[in-house]
Structures are given as C-alpha cells and as structure tokens.
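First the proteins, then the strands, lettered A, B, ... as listed; each starts at 1.
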Number of protein chains: 2
Amino acid sequence: MISTRGSKRLIEPAPRAAASNPCAACAVRDLSVCGAIEPAHLDKLGAIVAHRKLGPGETLFFEGDRSDSLYIITEGCVRLHKTLADGRRQITGFLFPSDFLGLALRERYAYSAEAVEDVAVCRYPKNRLELLLDQFPAMERRLLAVASNELAAAQDQMLLLGRKTALERLASFLLILMCRMQLKGQKNRVLLPMTRTDIGDHLGLTIETVSRCLSQLKRDRVIRFITAQDVQVVDPQRLNGLAGADGEWMPATTI
Amino acid sequence: MISTRGSKRLIEPAPRAAASNPCAACAVRDLSVCGAIEPAHLDKLGAIVAHRKLGPGETLFFEGDRSDSLYIITEGCVRLHKTLADGRRQITGFLFPSDFLGLALRERYAYSAEAVEDVAVCRYPKNRLELLLDQFPAMERRLLAVASNELAAAQDQMLLLGRKTALERLASFLLILMCRMQLKGQKNRVLLPMTRTDIGDHLGLTIETVSRCLSQLKRDRVIRFITAQDVQVVDPQRLNGLAGADGEWMPATTI
DNA sequence: GCATCGAATTGACGCAGATCAAGGCATCGG
DNA sequence: CCGATGCCTTGATCTGCGTCAATTCGATGC
C-alpha cells in the first residue's frame, strides 16, 4: 500500500535567468477582474509585478518556505504537492495560465510548487501587495472569491480521493481538464503535460492503475489518444457518467 | 470498493424553535479577532446576528442551497459533507465552537451541513455582512485568513486520503482532535461526538476498518477508551509517529 | 430487572488496486 | 543507424481494506 516508488524526485535543473515577460498585462488584468479596479490602480499593480520563468521540474518554492509572494501563472503547467517523510507524495492541484498561487496570507507555504513544463509566472511581493489591498478593498474581495473557489475544488478532490473508484477518478480528472480547455476554445480535447506518475500522485493511484484506466477508456471508445499527452474525448456524455454522477461540473455546451 | 452501506441517512428530527443565545457576544468576538475592530463596530456586528439551535442529525443547509449566510458555531459539533448519486458520502470536515461556516462568497453551498449533536450557531446574513465588510476592510482580511487556514487543512486532508494507510489516517485524525482539545485546556483527551460511520466517511474508510484501527491503537497502548466516544491519548509521541511523520502539527507542549 | 434497538466490535473471506516484472516506444546524442 | 534513457503499457501475483455476518455493548423505556 505504501508507494514511494511512484514519487521519485528528479534532480532539479539549473535555474534559468529571469526574462522580461510579454504576458505581464494579462496577469495584472487577472488580479483586477470584475472591473472593480480603475486604470490608475492597474498601473500601481503593474508597478510591483516581477517576472520569472522556470524549466521543467524546476521548483518555484518549497513547502515550509516563508511565503513572501503571490504568483499568477501566465504560461505552462505547475504542480503543487505535499510529501511525507518516506517520499509518498500527494499533488494537491495542477495550475494553468491565469491561476493564482500562494494567495494564502499565511506565514509559510503549505505545499511545494514545481514547473511541469516550461512555465512563466508573474510575482507580486506580499508586503507591497498588502499595501495595495488596503487601498483597494475590491481586490481583497476578489482574492477571497478565488480562495472560495479553491476551497470548493479541494472539497471535490476530497470526495474523489475518499470515495471514488480508480476509473471514476480518471474520468473526473479528464472532465475537469476538458472543461478548462473548453474555456480556452478547445472542445473535447485534453492535454496532459504532466507524467502518469504526476496524475497518479494527484488521484491517489499508482502509475500502473492510471495507465490501465486510460487504456480501458480508450478500449471503450470514450477517449482517443492523438499522442500519449494529447487526448480527444470521443464521448463526453459517457465520460461524465463514468465520473461518478455527482453534481460534477459539466456545462451543457460541451455535450 | 463502493460502499453505500456506510452512509445511511437518518430521518431528520423535527426542527427546534430558535432560542435567545447567551453565546452571541463570543461569536461576534470571533469574527473580529485580531483587535482590528473597534467596540463601535462590534455593536454593528451584533446587530445583524441571529441565533439558531439544532438537534442531532438536523440539517443547517444542503449542498446546492443558495448561500445566504455565514455561520459561526458556538456549541456542539457540525459535519460538512458531499454525497454522490449512489449515496457514497465524503465528510469534508467537522466543525466545533468558534469555527466559521459558509464563508465562501459563492452563489451556492458546496456541501451540506448537519448537526452531529446538539448545536448552536450564530448566523450573519450575507448581504448585510457584505455591507459591513465594505466599511471594515480588516474584517475582510480576517475572513481571507480563515479561508487560507481552511485551504491548508483541506490540503492536509488530501494527503491523508490520497496517500496514508488506514492506521495513519486514524492517528492523524485523533491527533488533530487532540490538539483542538489542548487549545481548550484538555490535555491528551479526545472526544468523538460523531459516529464511527462519520469518522469512516471523513477518512475514506469503512466503519469496520475504523473500529479495527482504534482497537489496534488500544491494544498497542497508544490510546485508552474511557467510553466509546471519550478517548485518552496515553502516548501522544507515538501517535504522532503513527500519523505519518510529515510536518503534522504537533505542538511541543502536547508531548 | 428485562426487552429493544442502534452503534460498535470482531472474525472470515473476497476484491480493487498495489506491487513486481517484462517489454514497447519515443527521444536524443553520437 | 544504434544504444541509452525515460516514460508508458501490459501481465501476473499479492495484500490492505472492503464486504458479509455474527455478536457484544450501551442507552432507553417499561
């Protein structure tokens, strides 16, 4: 039952130099969504932002590090994870462009954050951000809303980990990614930039079980592999049914 | 693997009449902790509070209900849970006096909330609370902090559900409750107002496995049963070790 | 005291998913 | 082109926990 094997860590590649980032404007917009922030304030947000790029496997911060920044992903996929002393790992979530990271106003980060692939982030120093929050309460309301959504997602994940079968877990996972792709205009498509090991550590399964379930979904013509990381959802309806038939978010437009 | 049996619902007892609540002042203080709120503002908080009492098994709200209130528990234990169509249930958390409930500023509740035993809550209507939040940004900062802590707890629970063994789950659970009791001045004592079924549905286990693990902890002289719901932790050190030896919160004073 | 009933415990057995093991299949450097 | 290296897939076997079933315990009412 104890599986450390699925969680071998890679040697971290050397950090890359930070580069100027063309996505800055987009990240600033994210932090100010709802139209609650005026152009003048937008400038102030832009003034405190810094940029960073990471290569595959590189760490943004470690669990337990002093949390001094809030990040927004502008490019690539980031995994968040907690690890037990013996190496067992739980990936608590994958982040994609426009996602927030480290918004907990806590002393220390509760998880590590690593780049799954090439990643770009916007960084907002917490002390300077808090000054801005004092000036613009609407921004704080927005952060609370983001935290609420994360909390709801965490509860869905608890239901998945505590009560769903392996196949239901895979179906739920694919469904969530499919819905995100849908928002970006990609219909019935799922990209899996993370490894099978990562997926297993996210769903509380081993790499073999992940592979077997994906194969089963393929055999049953629910999904089709373009490549091992590029999946087409042939039958979204059935995928939704396999996901456990709770109130899983399945917008009508995707069916 | 699919266990609906562990999740039989009770018929709800008849709701009780709301009664005037002597704990109001305490709840208002909770919402304003950090000293950031002045006495005059405290009055305004007290002015919008309402009280409610629930009997064992009674529901405060259902998953999917329009979320119109924020609650603070002032007495008793509340369970939060999500349920799949076939009855499988995941209890995402247990709440105790001073805990917040429904602070998500979302359209609808993401889970149901039920009284485990006799419970008293303070209720703050959301629309009126938001007006207050606009006036006192410090309160909003406090809510964000509470949400951050909940998020961290949710991530610990994901690690537990995804990667810990049955015995580690029980040990972690007992440890968390022990630490809460410690804060109230009760050392090395754990009260379990919830049923074994509830514990199982929280830890992703069956009632039988919960019982077997508790028996093992008893056999190994780690805990001792005063009654089935009143446990003495004989060896906190070892309980901590059994919990999985991650950074699990184990204050030095409890050892 | 005794009957009742829900909750908890304990034992026997089965199964979903973990573990162990053996290829397959890209990608990359030479 | 070829060997090395990671990652993924698939098969055989094992095991921790779930399932089924039988008591036991404890609270409540009479």
Take atom [atom1] of [X] and atom [atom2] of [N], then tell me their distance rounded to the nearest Å.
| X | N | atom1 | atom2 | result |
| --- | --- | --- | --- | --- |
| Ile223(A) | dC8(D) | CD1 | P | 14 Å |
| Asp230(A) | dC8(D) | CG | P | 14 Å |
| Asp198(A) | dC8(D) | CG | C1' | 14 Å |
| Leu205(A) | dT19(C) | CG | C1' | 14 Å |
| Leu192(B) | dG26(D) | CG | P | 15 Å |
| Gln216(A) | dG17(C) | CD | P | 10 Å |
| Asp86(A) | dA18(C) | CG | P | 16 Å |
| Glu168(A) | dA16(C) | CD | P | 13 Å |

Sequence-distant partners of [X], side-chain hydrogen bond (donor to acceptor under 3.5 Å, both in side chains), two or more places apart:
| X | value |
| --- | --- |
| Thr209(B) | Thr206(B) |
| Gln216(B) | none |
| Arg212(A) | none |
| Ser211(B) | none |

Results of side chain to side chain contact (heavy atoms under 4.5 Å, CB included) for Gln155(A) - residues two or more places apart only: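 Per chain and number, Gln155(A) pairs via side chain to side chain contact (heavy atoms under 4.5 Å, CB included) with Leu151(A), Met158(A), Lys82(B), Thr92(B), Ala110(B), Tyr111(B).
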
Can you name the residues that form a side chain to side chain contact (heavy atoms under 4.5 Å, CB included) with Asn149(A), not counting sequence neighbours?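 With neighbours one apart ignored, the set is Arg106(B).
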
What pairs with Arg108(B) under salt bridge (Lys or Arg N to Asp or Glu O under 4.0 Å), at least two apart in sequence or on another chain?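 Partners of Arg108(B) under the salt bridge (Lys or Arg N to Asp or Glu O under 4.0 Å) test: none.
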
At 10 degrees resolution, what angle do the end axes of the helix from dG1(C)-dC30(D) to dG30(C)-dC1(D) form when each is taken over five base pairs?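 Between the first-five-pair axis and the last-five-pair axis there is 40°.
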
For nucleotides 23-25 of chain D, which of its nitrogen or oxygen atoms have a protein nitrogen or oxygen under 3.5 Å away, and what is each distance?
none

Just checking Gly200(B): base, sugar-phosphate only, or nothing, at a heavy-atom cut-off of under 4.0 Å?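 Nothing, no heavy atom under 4.0 Å.
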
Are the side chain of Arg163(B) and the backbone of Arg89(A) linked by a donor-acceptor contact shorter than 3.5 Å?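 Yes, because the side chain of Arg163(B) sits within donor-acceptor range (under 3.5 Å) of the backbone of Arg89(A).
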
Ser69(B) (side chain) donor-acceptor with Arg123(B) (main chain) under 3.5 angstrom: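 No: the side chain of Ser69(B) does not pair with the backbone of Arg123(B).
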
N/O contacts under 3.5 Å, protein versus nucleotides 8-14 of chain C?
residue : atom : partner   : partner atom : Å
dA8(C)  : OP1  : Arg196(B) : N            : 3.4
dA8(C)  : OP2  : Arg196(B) : N            : 3.1
dT9(C)  : OP1  : Arg196(B) : NH2          : 3.3
dT9(C)  : OP2  : Arg196(B) : NE           : 2.9
dT9(C)  : OP2  : Ser211(B) : OG           : 2.8
dT9(C)  : O5'  : Ser211(B) : OG           : 3.0
dT10(C) : OP2  : Ser215(B) : OG           : 2.5
dG11(C) : N7   : Arg212(B) : NH1          : 2.9

Within residues 214-224 of chain B or reaching into it, pairs that qualify as salt bridge (Lys or Arg N to Asp or Glu O under 4.0 Å) - sequence neighbours excluded: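 Residue pairs with at least one partner in residues 214-224 of chain B: there are none.
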
Residues which pass ring-ring contact (aromatic ring centres under 6.0 Å, His included) with Tyr109(B), listed by chain and number, not counting sequence neighbours: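 Result, ring-ring contact (aromatic ring centres under 6.0 Å, His included) vs Tyr109(B): Phe61(B).
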
